2 protein chains.
Amino acid sequence: MNISEVAKVTDLSVKTIRYYEEIGLVTPHRSSNGYRSFDKRETHKLQFLASARALGFSIENCRSLLALWVDRSRASADVKQIAQDHLTEIEEKIISLRDMQITLQNLVRACAGDARPDCPILQGLSK
Amino acid sequence: MNISEVAKVTDLSVKTIRYYEEIGLVTPHRSSNGYRSFDKRETHKLQFLASARALGFSIENCRSLLALWVDRSRASADVKQIAQDHLTEIEEKIISLRDMQITLQNLVRACAGDARPDCPILQGLSK
DNA sequence: TCTTGACCTTCCCGTAACTGGAACCCTTAT
DNA sequence: ATAAGGGTTCCAGTTACGGGAAGGTCAAGA
């Protein structure tokens with residue numbers, strides 16, 4: 001499969017796939033004309049990467065997960081550790097965003113949002 | 001005030017303050033020795049910026065908010081618009097993170113996390 | 001006076017994970 | 001012959017700074 005076809009089935013952009021090759025996540029063969037050629041295995045890797053990225057794993061975590069995925073003798077504990085750590089990060093981000101949300105909601109609610117200059121939002125920010 | 005002192009009172013890093021000057025958010029005077037010298041006004045701007053950044057506003061939004069802040073003839077509607085848009089972004093991020101969280105929680109729960117290779121997390125990612 | 005240490009300066013590189021664009025090659029159809 | 005629609009590489013830009021080098025400035029102590 002050529003790159004644009006793989007892009008379609010994996011729902012990744014052509015640019016992204018080239019980037020993943022550049023950083024060593026996939027290693028497609030090359031046709032005689034120099035075009036990348038993706039077999040089933042490399043395509044499946046890209047699908048795996050797409051799923052992991054969709055769950056917010058960093059590229060480096062994806063690299064680790066991919067290595068565990070191809071390693072038949074892995075321990076599931078190693079996978080779980082990565083996932084658990086990532087989950088913790090997600091929870092922290094949610095908490096941080098929620099704090100911002102609450103503060104902002106209060107400011108927005110208090111602001112008339114009309115033509116007058118008085119603005120509780122700006123007041124809140126200048127303290 | 002010299003830069004390190006301002007850094008302390010604003011709780012911004014020295015690097016960050018220099019960066020804010022570079023992109024035109026603040027314009028400190030210079031002492032005869034070339035050191036930056038922050039008066040009350042510039043220091044207050046930095047405090048404003050620190051608050052806005054803490055609420056997750058982008059630098060460009062901070063620039064707009066700062067302009068409205070110094071503009072005595074602003075309409076509070078303009079401020080509210082920026083805040084409301086940002087609030088929407090935050091809500092979208094939270095939703096996205098919560099989706100990831102739920103999916104990941106299910107995978108992590110299903111994974112034994114022991115020495116065996118069987119791993120529902122990897123299975124979930126390879127679909 | 002000299003030196004030491006703590007300031008300050010500018011300048012340049014690196015980060016994450018790509019995206020956009022330029023310049024150019026390959027293939028197929030008209 | 002040419003045009004359209006693939007493909008290729010390489011370079012620059014994105015966000016909001018942080019790290020570090022090379023070097024000027026200042027106040028205090030020996």
Side-chain angles (χ1 to χ4, degrees), chain A residues 1-39 42-43 45-46 48-66 82 85-86 89-90 93 96-97 100, chain B residues 1-38 42-43 45-46 48-66 85-86 89-90 93 96-97 100:
Chain A
M1 279 204 284
N2 280 352
I3 197 166
S4 66
E5 203 176 345
V6 182
K8 257 173 221 151
V9 308
T10 59
D11 209 33
L12 293 169
S13 78
V14 166
K15 283 281 194 183
T16 296
I17 295 173
R18 281 200 273 254
Y19 175 66
Y20 286 176
E21 183 193 10
E22 190 189 330
I23 63 174
L25 290 179
V26 289
T27 51
H29 299 124
R30 293 290 176 138
S31 306
S32 52
N33 58 12
Y35 288 13
R36 288 170 182 80
S37 175
F38 294 83
D39 59 19
E42 295 307 308
T43 305
K45 273 194 198 175
L46 287 171
F48 180 91
L49 290 167
S51 300
R53 290 290 296 140
L55 286 182
F57 285 103
S58 71
I59 290 288
E60 284 317 305
N61 273 348
C62 286
R63 192 190 299 279
S64 305
L65 290 170
L66 199 53
I82 294 172
D85 289 353
H86 181 45
E89 278 178 27
I90 287 177
K93 277 190 194 171
S96 160
L97 284 170
M100 295 180 189
Chain B
M1 277 202 283
N2 280 353
I3 197 167
S4 66
E5 205 177 344
V6 182
K8 257 173 220 151
V9 308
T10 59
D11 209 32
L12 293 169
S13 78
V14 167
K15 282 280 191 182
T16 296
I17 296 173
R18 280 200 274 253
Y19 174 66
Y20 287 175
E21 183 193 12
E22 191 190 329
I23 63 174
L25 290 179
V26 289
T27 51
H29 299 124
R30 295 289 178 140
S31 306
S32 53
N33 58 13
Y35 289 13
R36 287 171 182 80
S37 176
F38 294 83
E42 295 306 309
T43 305
K45 273 194 198 174
L46 286 172
F48 180 90
L49 289 168
S51 300
R53 291 288 298 138
L55 285 182
F57 285 103
S58 71
I59 290 287
E60 283 318 304
N61 273 347
C62 287
R63 191 190 300 279
S64 304
L65 290 170
L66 198 54
D85 289 353
H86 180 46
E89 278 177 28
I90 287 177
K93 276 190 195 172
S96 161
L97 284 170
M100 294 179 191

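Keep in mind it's a predicted model, so treat the numbers as computed, not measured. All values below were derived from every heavy atom in this structure, side-chain atoms included, with hydrogens, water molecules and symmetry-related copies excluded. Each chain gets a letter, A, B and so on, in the order the sequences are listed, and its residues count up from 1.
- A sub-4.0 Å separation between OP1 or OP2 of dT10(C) and a side-chain N or O of Arg18(B) is absent.
- Looking only at distances, no side-chain donor or acceptor of His86(B) sits under 3.5 Å from a matching main-chain atom of Asn61(B).
- The side chain to side chain donor-acceptor pair (under 3.5 Å) search around Glu60(A) returns Arg63(A), not counting sequence neighbours.
- With sequence neighbours excluded, the residues that form a salt bridge (charged side-chain N to carboxylate O under 4.0 Å, His left out) with Glu21(A) are Arg30(A), Arg36(A).
- Axis angle between the ends of the helix from dT1(C)-dA30(D) to dT30(C)-dA1(D), five pairs each and rounded to 10 degrees, works out to 40°.
- Taken from CG in Leu66(A) to SG in Cys62(A), the straight-line distance is 8.0 Å, to the nearest 0.5 Å.
- Heavy-atom distances under 4.0 Å link DNA chain C to Ser58(A), Ile59(A) of residues 55-63 of chain A, given in residue order.
- Sequence neighbours left out, not one pair with a member in residues 7-16 of chain B passes salt bridge (Lys or Arg N to Asp or Glu O under 4.0 Å).
- Annotation: the span from Ser96(A) atom OG to Leu97(B) atom CG amounts to 10.0 Å, rounded to 0.5 Å.
- Residues passing the side chain to side chain donor-acceptor pair (under 3.5 Å) test with Asp85(B) are Gln81(B), sequence neighbours excluded.
- The separation between Met1(B) atom CE and dC7(C) atom P is 16 Å, rounded to whole Å.
- Distance Tyr19(A) OH to dA17(C) P: 6 Å, rounded to the nearest Å.
- At least one side-chain heavy atom of Leu46(B) sits under 4.5 Å from a side-chain heavy atom of Leu49(B).
- Taking the side-chain contact (heavy atoms from CB on, under 4.5 Å) definition, one finds that Ser32(B) meets it with nothing, sequence neighbours left out.
- Residues satisfying the side chain to side chain donor-acceptor pair (under 3.5 Å) criterion with Thr16(A), sequence neighbours excluded, are Ser13(A).
- Residues of residues 2-16 of chain B having a heavy atom closer than 4.0 Å to DNA chain D, listed by number: Ser13(B), Lys15(B), Thr16(B).
- Between the side chain of Asn2(A) and the main chain of Ser4(A), no donor-acceptor pair closer than 3.5 Å is present.
- On the nucleic acid side, DNA chain D has its first and last nucleotide under 4.0 Å of a heavy atom of chain B at dA16(D) to dC26(D), going 5' to 3'.
- Take Ser64(A) and apply the side-chain contact (heavy atoms from CB on, under 4.5 Å) test, not counting sequence neighbours, and it matches Ile82(A).
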Between Leu25(A) and Ile59(A), does a side-chain contact (heavy atoms from CB on, under 4.5 Å) hold up when you go through it step by step?
-> CA-CA 9 Å; Leu25(A) 290 179; Ile59(A) 290 288; 4.2 Å; yes

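- Taking NZ from Lys45(A) and CZ from Phe38(A), the interatomic distance works out to 11.0 Å, rounded to the nearest 0.5 Å.
- Here the closest non-hydrogen pair linking Ala50(A) and Leu12(A) is CB-CD2, 3.9 Å.
- Across residues 21-31 of chain B, not one residue has a non-hydrogen atom less than 4.0 Å from an atom of DNA chain D.
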